[in-house]
Amino acid sequence: MRFSEMFIPTLRETPADTEAISHKLMLRAGYVRQLAAGLYIFLPLGWRVLNRINAILKEEMEAIGAQEISMPVLHPAEIWQETGRWDAIGDEMFRLKDRTGRDMCLGMTHEEIMTWLASREIRSYRNLPQIWYQIQTKLRDEARPKSGVLRTREFIMKDSYSFDVDDKGLDRSYQLHADAYQRIFKRCGLRFFQVESDPGMMGGATAHEFMAPSPAGEDEVALCDRCGYAANVELARSTVQRTEDRDWVFDEIHTPGKRTVAEVSEFLGLSHAYFIKSLLLISISGPVLALIRGDQELHEKKTERIIGHFRTAHRDEVRETLGVEAGYIGPMNQKIRIIADTCLKYGVYVSGANKEDYHVKGIRPGIHFNAEWHDIHVAKDSDGCLICGNPIRVERVIEIGNIFKLGTKYSMPLRAFYLDENGEENPIVMGSYGIGPARIAAAAIEQNNDKDGIIWPESIAPFDVMILPLNMKDEQTAMAAEDLYKALSACHIDVLIDDRDERAGVKFKDADLIGIPYQLIIGEKNLKQGLVEIKTRKTTETEKIRIDGALDKINEKLCYTLKS
RNA sequence: CGGGGCGUAGCGCAGCUUGGUAGCGCGCCUGCUUUGGGAGCAGGAUGCCGGAGGUUCAAGUCCUCUCGCCCCGACCA
């Protein structure tokens with residue numbers, strides 16, 4: 001392609017209202033434009049990147065026997081009503097009525113529709129297994145679109161669905177996907193982890209997420225470098241370092257005006273780990289006192305799995321329920337249900353005295369209070385790995401893919417049954433698997449950029465090579481560039497030639513910003529000696545080579561990275 | 001949905017406190033010069049100051065409402 005004819009609106013200045021690096025660079029380098037909150041236009045360069053990612057997705061999906069189909073984006077409400085999600089899902093679903101008043105919605109995912117199809121067409125175990133996939137637009141009325149294309153209201157997703165006769169079959173389909181996803185993200189040049197994830201409302205027991213480390217991410221994962229334990233902090237478990245045992249006797253201390261752990265620990269000169277934080281929660285079945293160590297945070301999701309939906313109590317509710325001001329609550333002599341983090345089972349602690357302006361030192365679990373013991377803390381950096389004890393690390397990540405074992409959650413309500421060898425009717429056992437191509441692109445930029453711009457991995461770059469004829473007014477330069485352009489194109493190498501009548505500086509800046517992996521720089525002086533320069537965007541190294549060897553050199557570089 | 005911020009030329013911003021001719025940089029157009037890291041000089045074009053209502057002789061500026069966008073949190077099937 002010729003730069004002069006292609007629509008590549010680069011910006012010299014960073015657009016305001018952007019935070020994520022990928023967002024800034026995609027706008028600046030002319031890959032995307034924003035239409036409205038969470039709605040993005042992919043410009044020619046951006047669309048080329050998505051298409052290269054999609055090509056990889058298709059290859060790897062076909063390789064595990066998945067078949068591409070295409071489903072409508074507009075869905076009748078009835079199918080979603082049958083699985084219960086019409087009501088379970090709130091404002092996040094775009095809903096509308098057709099001209100006859102029939103309830104419809106825009107698809108945020110396609111479990112229902114895929115299962116509907118299976119229910120009508122699959123009769124026998126002989127029809128199974130099947131894997132169907134599509135690369136299709138999804139719509140979700142996100143409460144807060146953010147970070148450019150990372151969280152949008154309309155986005156393309158590769159979603160596949162597996163249909164098997166039993167759990168064993170599902171295990172196999174699930175593993176095929178996990179392996180395919182590993183290959184996909186590796187081919188896309190990403191650093192990523194596969195982590196255990198919360199199946200949430202998708203149902204089913206097992207789920208994993210594929211996570212690309214980046215500060216722009218919205219999730220956090222706990223990782224153990226020794227044993228390989230990897231989990232979303234939404235469910236990650238960890239052990240915490242024990243505190244030193246102290247020979248404190250049970251004793252009230254006057255702590256006037258000191259309420260928070262930070263205030264009392266400073267007042268007493270003790271680290272946060274010697275404190276018990278007592279939090280009053282209001283659950284559906286009544287008040288619950290949750291105890292965690294002073295240096296920890298309460299994990300809301302873990303807690304919710306134990307006591308059901310809850311909220312924290314208001315100040316006056318604390319006074320009414322426990323008869324003391326918030327800030328002086330302690331675990332002793334409480335009449336209500338108490339849950340406590342397992343790490344509090346041992347040691348000796350300081351906590352509120354259940355009396356205004358007083359705390360108690362020397363509280364011992366089992367003696368001064370009892371509780372239901374659960375893991376209810378948020379795993380954090382340098383906690384111990386639950387499996388091997390090694391210190392874990394917590395990293396911020398972008399979710400780029402997920403895989404779920406659905407089981408029969410959708411096949412049962414939608415009556416997707418098959419007849420087995422014995423003529424008996426069984427529900428189809430399903431899995432669902434998603435990848436966001438735009439998130440791959442964004443994650444690739446987040447992980448590969450420098451002060452000058454994007455540094456694309458070769459596999460998903462919009463072009464393989466960019467040719468920079470520095471002075472288009474020089475006939476020799478223009479001719480040499482044109483010849484190279486034709487020669488490279490003839491070898492099926494994707495080339496962008498910057499044939500604009502611009503100054504060298506402008507071309508260099510734009511080339512670095514756009515981030516195509518290799519630049520062939522054609523300058524007058526070098527050309528007189530039969531030389532051109534080849535610059536590797538990633539390393540910024542340039543090398544002078546003979547112009548007639550340029551084609552081979554490019555081929556060599558592209559091949560080399562394909563193999564490695 | 002709660003909290004905060006911002007809407008002025010294509011982009012980035014100043015002007016608002018204290019009401020009185022709408023500005024700067026970049027970009028864009030023309031010409032000349034320049035040509036290896038976002039050129040120089042000269043000339044030129046470009047604004048429903050997000051929208052509606054109000055106060056006032058007079059509103060970009062003050063008041064009320066509203067819409068949009070960004071950030072933090074909640075949510076995220």
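The sequence lines fix the lettering, A, B, ..., with proteins before strands; numbering per chain opens at 1.
For Arg305(A), the salt bridge (charged side-chain N to carboxylate O under 4.0 Å, His left out) partners at least two apart in sequence or on another chain are Asp198(A). By the salt bridge (charged side-chain N to carboxylate O under 4.0 Å, His left out) test, Glu78(A) pairs with Arg102(A), sequence neighbours left out. Residues passing the side-chain contact (heavy atoms from CB on, under 4.5 Å) test with Asn54(A), sequence neighbours excluded: Asn51(A), Leu57(A), Ile135(A), Pro437(A). Legend: residues meeting salt bridge (charged side-chain N to carboxylate O under 4.0 Å, His left out) with Asp381(A), ordered by chain and number and at least two apart, are absent. Partners of Asp548(A) by salt bridge (charged side-chain N to carboxylate O under 4.0 Å, His left out), not counting sequence neighbours, listed by chain and number: Arg546(A).
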Which atoms of nucleotides 34-37 of chain B (N or O only) lie under 3.5 Å from a protein N or O atom, and what are those distances?
residue : atom : partner   : partner atom : Å
U34(B)  : O2   : Arg503(A) : NH1          : 2.7
U35(B)  : O4   : Lys473(A) : NZ           : 3.4
G36(B)  : O6   : Asn526(A) : ND2          : 3.0
G36(B)  : N1   : Glu533(A) : OE1          : 2.4
G36(B)  : N2   : Glu533(A) : OE1          : 2.8
G36(B)  : N2   : Glu533(A) : OE2          : 3.3
G37(B)  : N1   : Asp512(A) : OD2          : 3.1
G37(B)  : N2   : Phe508(A) : O            : 3.4
G37(B)  : N2   : Asp512(A) : OD2          : 2.4

N/O-N/O pairs, protein side and nucleotides 45-50 of chain B side, under 3.5 Å:
none

Listing time: all N or O pairs from protein to nucleotides 7-11 of chain B that are below 3.5 Å?
residue : atom : partner  : partner atom : Å
C11(B)  : O2   : Glu13(A) : OE1          : 3.2

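Residues in residues 131-150 of chain A take part in these ring pair (Phe, Tyr, Trp, His ring centres under 6.0 Å) pairs, two or more places apart or across chains: Trp132(A)-Phe163(A). The side-chain hydrogen bond (donor to acceptor under 3.5 Å, both in side chains) analysis of residues 464-475 of chain A, with sequence neighbours excluded, yields the pairs Arg52(A)-Asp464(A), Asn471(A)-Glu524(A), Lys473(A)-Asp501(A), Asp474(A)-Thr477(A). Sequence neighbours left out, the pairs with a member in residues 8-32 of chain A that pass ring pair (Phe, Tyr, Trp, His ring centres under 6.0 Å) are His23(A)-Tyr40(A), Tyr31(A)-Trp456(A).
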Enumerate donor-acceptor pairs with a distance under 3.5 Å from any side-chain N or O in residues 8-22 of chain A to protein atoms, sequence neighbours excluded.
residue  : atom : partner   : partner atom : Å
Thr10(A) : OG1  : Asp510(A) : OD1          : 3.1
Thr18(A) : OG1  : Pro15(A)  : O            : 3.0
Ser22(A) : OG   : Glu446(A) : OE2          : 2.7

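The residue Ala143(A) sits close to a base: some heavy atom pair falls under 4.0 Å.
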